[in-house]
Amino acid sequence: MLRKDCDQTFVCRDFIKYPRRRFNTSRRQLQTNMAVRLCDVASLLRSGSWAPEPWTGQVIATMETQLSNGPTCNNTSNGPSTISNNCSSPVESGSIEDSKTNLIVNYLPQNMTQEELKSLFGSIGEIESCKLVRDKITGQSLGYGFVNYVDPKDAEKAINTLNGLRLQTKTIKVSYARPSSASIRDANLYVSGLPKTMTQKELEQLFSQYGRIITSRILVDQVTGVSRGVGFIRFDRRVEAEEAIKGLNCQKPPGATEPITVKFANNPSQKTSQALLSQLYQSPNRRYPGPLAQQAQRFRLDNLLNMAYGVKSRFSPMAIDGVTSLAGINIPGHAGTGWCIFVYNLAPDADESILWQMFGPFGAVTNVKVIRDFNTNKCKGFGFVTMTNYDEAAVAIASLNGYRLGDRVLQVSFKTNKTHKA
DNA sequence: TGTTATT
């Protein structure tokens, strides 16, 4: 299916350096650039040799290197395969019973909450329901969720607009959810012993004879980029995965000298839960289940979760609240639930998605809002972004203030009371 | 053995 997603490249037009030229840069390229900027800013911040000013030539040069070498996939639809980092083949129409309003969202940042998920997807249209899937035991996010829209058009728009969006270190994937069924669970295969020369496309070709492939991946060495000879294939149905094991395990792919191993992949959530519970079980405190022991156990659980999941400790706005209320001072941008950022000089046709795309790569964004004229529904030239962590907000502001978006130069700052109408 | 894919 060919979608009219040309309008999805609007953000990237006239991007960065050549404001009067029309680019056809993909959103992914834009987001890659954002990540590069973040890295550069972070390293400059660490070295102490940087002040919050608009972009320098040095940074732009780095970005252009990335632009020419980076991923160039423009496809924002979600298909039966995932060729190289979410670049998917066009999706074929599902069965007539498939929901056209319910989406599955994969590769969400670990610390993203259900409310943030709802805020992000709610910027597209009215949401009927939204759920972030969490580990039943630990409560930790499993990194995916579901968004069910009222209107199928909004679901399609969400796929076109938000698939491939970079949020922190992740690139989210947005696709139609298949009808839930036991038959589609546990259909993920781990494949090892692959020829190092085998491409993802060739891997899919090898496995596609056994059924519909939902995702595929070949793991590569982080440094060299060379295949590690291992990968994953997720089939639509478990029976397809079973047949693929029967047909391909211990077999040599065409042209290969060694046989491959094909088996069901581990479930990371199960493994981690078991590891955590195993450690908890060894705790002496559990033999004395009084209130103090429970508290200690809770503390231990928190630490274990931090270690196991790499949960980043957050700058706590609550701590600041205590200080500000006692001292009677105001801290710009701090609204009690995060750090509010004022974005000025947006175009009349700006929408929430541009704010997500600009700020999402810098860290946890809880909310974005474009201020619109009541009668025309056009952007009045400014908007707000709320970010959870001060340091991420500060880097975003420093990076995006003075940023040229289309033919406009943005002004980005912590929100002050001057612009606040209570 | 993954950027935790079926609530």
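Chain letters run A, B, ... following the sequence lines, proteins first, then strands; residues in each count from 1.
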Kindly point out which of B:dG2, B:dA5, B:dT6 is positioned nearest to the side chain of A:I214? B:dA5
For atom CD1 of A:I104 and atom P of B:dT4, their distance in whole Å: 14 Å
Ring centroid separation A:F384 to A:F342 under 6.0 Å: yes
Check: A:Q168/A:N111 side-chain N/O donor and acceptor closer than 3.5 Å: yes
From OH of A:Y144 over to P of B:dA5, roughly how many Å is that when rounded to an integer? 7 Å
Between A:K136 and B:dT7, is there a side-chain N or O to OP1/OP2 distance below 4.0 Å? no
Taking only the side-chain nitrogens and oxygens of A:T215, find out if one of them lies under 4.0 Å from OP1 or OP2 of B:dA5. no
Between B:dT1, B:dT7, B:dT4, which nucleotide has the shortest distance from any of its atoms to the side chain of A:L142? B:dT4
To the side chain of A:Q110, which of B:dT6, B:dT1, B:dT4 is closest? B:dT4
Give one of base, sugar-phosphate or nothing for A:F232, where a contact means two heavy atoms less than 4.0 Å apart. base
Any A:N266 side-chain N or O less than 4.0 Å from OP1/OP2 of B:dT1: no
Atom pair distance, as rounded to whole Å: CG in A:L194 and P in B:dG2: 15 Å
With a cut-off of less than 4.0 Å, is there a side-chain N or O of A:R185 near OP1 or OP2 of B:dT7? yes
Test the A:R408-A:Y403 pair against the cation-pi criterion, namely NZ or CZ under 6.0 angstrom from the six-membered ring centroid and within 45° of the ring axis. no
Please determine, for the side chain of A:R234, which listed nucleotide (B:dA5, B:dT4, B:dT1) has the closest atom? B:dA5
Examine distances only and state if a side-chain atom of A:E116 and a backbone atom of A:T366 form a donor-acceptor pair shorter than 3.5 Å. no
Minimum-distance nucleotide (side-chain atoms of A:I184 versus B:dT6, B:dT1, B:dA5): B:dT6
Expressed as a whole number of angstroms, how long is the span from A:D186:CG to B:dT1:P? 20 Å
Per nearest nucleotide of DNA chain B, the residue lying toward the 5' end, A:A187 or A:L108, is A:L108
Is there a donor-acceptor contact under 3.5 Å linking the side chains of A:S216 and A:E204? yes
To the nearest angstrom, how far is A:K131 atom NZ from B:dA5 atom P? 16 Å
Provide, to the nearest angstrom, the distance between the CG atom belonging to A:L189 and the P atom belonging to B:dT4. 18 Å
Could you check how far CZ of A:R237 sits from C1' of B:dA5, rounded to whole Å? 14 Å
Rounded off to whole Å, could you give me the NZ-to-P distance for the A:K173 and B:dG2 pair? 18 Å
Winner on side-chain proximity to A:S180, out of B:dA5, B:dT1, B:dT7, is B:dT7
Starting at the 5' end of DNA chain B, which residue's closest nucleotide do you reach first, A:G143 or A:V230? A:V230
Side chain of A:N102 only, heavy atoms from C-beta on: which candidate in B:dT7, B:dA5, B:dG2 is closest? B:dT7
Verify the ring-centre separation between A:F235 and A:Y210: is it less than 6.0 angstrom? no
